[in-house]
There are 2 protein chains.
Amino acid sequence: MKPKNVHGNTLDALGEAIIAGRYPPGATVPPEPTLCEEFGVSRTVVREAVKSLVAKGLVSTGPKVGTRVLPSDQWNWFDPDVVAWQSKVGLTREFLRDLQETRRVVEPAAVRMAAERATAQDVAEIEAAYEGMRRAVEEGGDYVTFDLRFHQGLLRASHNRMLVQMSKALSALLRTSFEISTSRKDGPRGSLPLHRAVLDAVAAHDPARAEKSILLLIDSARDDIEAVLGSRRRLPRLNMPATLLRV
Amino acid sequence: MKPKNVHGNTLDALGEAIIAGRYPPGATVPPEPTLCEEFGVSRTVVREAVKSLVAKGLVSTGPKVGTRVLPSDQWNWFDPDVVAWQSKVGLTREFLRDLQETRRVVEPAAVRMAAERATAQDVAEIEAAYEGMRRAVEEGGDYVTFDLRFHQGLLRASHNRMLVQMSKALSALLRTSFEISTSRKDGPRGSLPLHRAVLDAVAAHDPARAEKSILLLIDSARDDIEAVLGSRRRLPRLNMPATLLRV
DNA sequence: GCGGATTTGTTCGTATGTATT
DNA sequence: TAATACATACGAACAAATCCG
């Protein structure tokens, strides 16, 4: 959208470039003066951006050795920025698979906890999100946003730090999933009752029923995703060669 | 132990101070010049440390508004540094509970995947860790380190980015858990067969049996932890008042 | 609504240390 | 061993944004 500030832009550009594979793991990023010239910023900005990348586990630095890109399994995949960069660069099949698996592991357990511990306010927030979804279906509107809010409300209601944290990373998958689902005929309308079932079970503090309901929802989404993955249709920017990503 | 560099030390000091509650969520940390004087470092170092904290989700900055501490549910709880700071400051009951719950959700699923996808090298690494545990029991030695390696090997063998990432955060819980277990009579010797069962099931590519075995292991560890939590014995630095944490 | 004060944002110049060759 | 390239660290200055009276 609009440029935030120099630091943020530089950080985003560098992060995207690394995740896009322009600087593959094991390679070194160009030295600071080169980056300064490339982005047209001062060395301080570059240094702070690099420090942020270090904090996210993407690179490590050292005198003379330069700034090395770390292997991708050391990246902090629960960092919202990292996930956002990966989403922007292109969701690979492996990344979607990992996310889908994680969701299927985490979300049922979280919903179970939510059914045990949700406060009245938690339920009210989820209810509001559901209401938004319903209105979007009937009167038209932004369905995906309310769907996201619905699931994030569920994870927040688990009142478990780690699980809440994951909701941010899972958002990338959920958004993709929802956009795929909504593109299929009657997708939103068909999934409304499934959402209603989850919400009712949580509000009734029935963990077992809540878990069963969310599994139905997840698996129906998985089928949608796999239908697209299985087809020859390419994902947005999927497997795009790194050379095409240059600015 | 020994100081790494100025940046790392400043970052650690600031991160620990925030997590210790010296600067509680919603409050602002002192302005840059004050921090410079307090730590005896230049403004550049302070700025890079703060940027690292921003990258980890602990604070947000803005002109005039200063550096604000964010609510703790926005912190990146899967960041190894954040977990390390929390561990050093003191493991609260809530933190241990969240970690324990997360482990019980994640590890069985990861072991199941490991049983499906583990390569020969994965199995070899886990086997080596087990061998170290066995030797530590019989000849004496560092049991906990090999125990950690055993579980990290399991998560790595799942070949799922997100799950591998969690192994770093879970290490804090595992270490505490192992140290509690080993402090109980015959703890290590008794858990050896449980570990063996998991390893055998993974090597035999039997997901169902692997999942059952790891659940036995987790629940026995949970009992140990709860026995300690239930007692009046205080956890290491548990609930220590923030005022005592000043340096 | 306006202006001044405070704090971060950004740049430049310079010096030091360290690992590689 | 010496040279080199690069990150590390410091200091000073101005710009920009925001809050408060």
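Note on naming: letters A, B, ... go to the chains in the order of the sequence lines (proteins, then strands), and numbering restarts at 1 for each one. Just so it is clear, the model here is predicted, and its values are computed rather than measured.
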Next item on the list: Shoot me the first and last contacting nucleotide of DNA chain D against chain B, ordered 5' to 3', at under 4.0 angstrom to non-hydrogen atoms.
Entry: dA9(D) to dC19(D)

Next item on the list: Would you confirm whether the ring centroid of Trp77(B) sits within less than 6.0 angstrom of the ring centroid of Phe95(B)?
Entry: yes

Item checked: Atom pair distance, as rounded to whole Å: CD in Glu32(A) and P in dT11(C) -> 14 Å

Check: When the distance from CZ of Phe39(A) to P of dT10(C) is rounded to whole Å, what number comes out?
Finding: 15 Å

Notebook entry, point to check: Under a 4.0 Å N-O cut-off, is there an ion pair linking Arg134(A) with Glu131(A)?
Noted result: yes

Note to self: Tell me whether Ser167(A) contacts the main-chain N or O of Leu163(A) through its side chain, where contact means a donor paired with an acceptor under 3.5 Å.
What the structure shows: no

Next item on the list: Give a yes or no on whether the backbone of Leu70(B) and the side-chain of Trp75(B) come within a donor-acceptor separation of less than 3.5 Å.
Entry: yes

Check: Relative to the ring of His195(B), is the ring of His151(B) parallel (under 30°), tilted (30 to 60°) or perpendicular (over 60°)?
Finding: perpendicular

Check: Roughly how far apart are Thr102(B) OG1 and Asn160(A) CG, rounded to 0.5 Å?
Finding: 4.0 Å

Note to self: For Glu138(A), I'd like to know if atom CD has over 12 heavy atoms of other residues, nucleotides or ligands within 6.0 Å.
What the structure shows: yes

Next item on the list: Do nucleotides 12-21 of chain C as a string where each nucleotide becomes B, S or -: B if the base has a protein heavy atom under 4.0 Å, S if just the sugar-phosphate does, - if no protein is that close.
Entry: B-B--B-BS-

Notebook entry, point to check: With a 4.5 Å limit on heavy-atom distance, are the side chains of Asp122(A) and Arg117(A) in contact?
Noted result: no

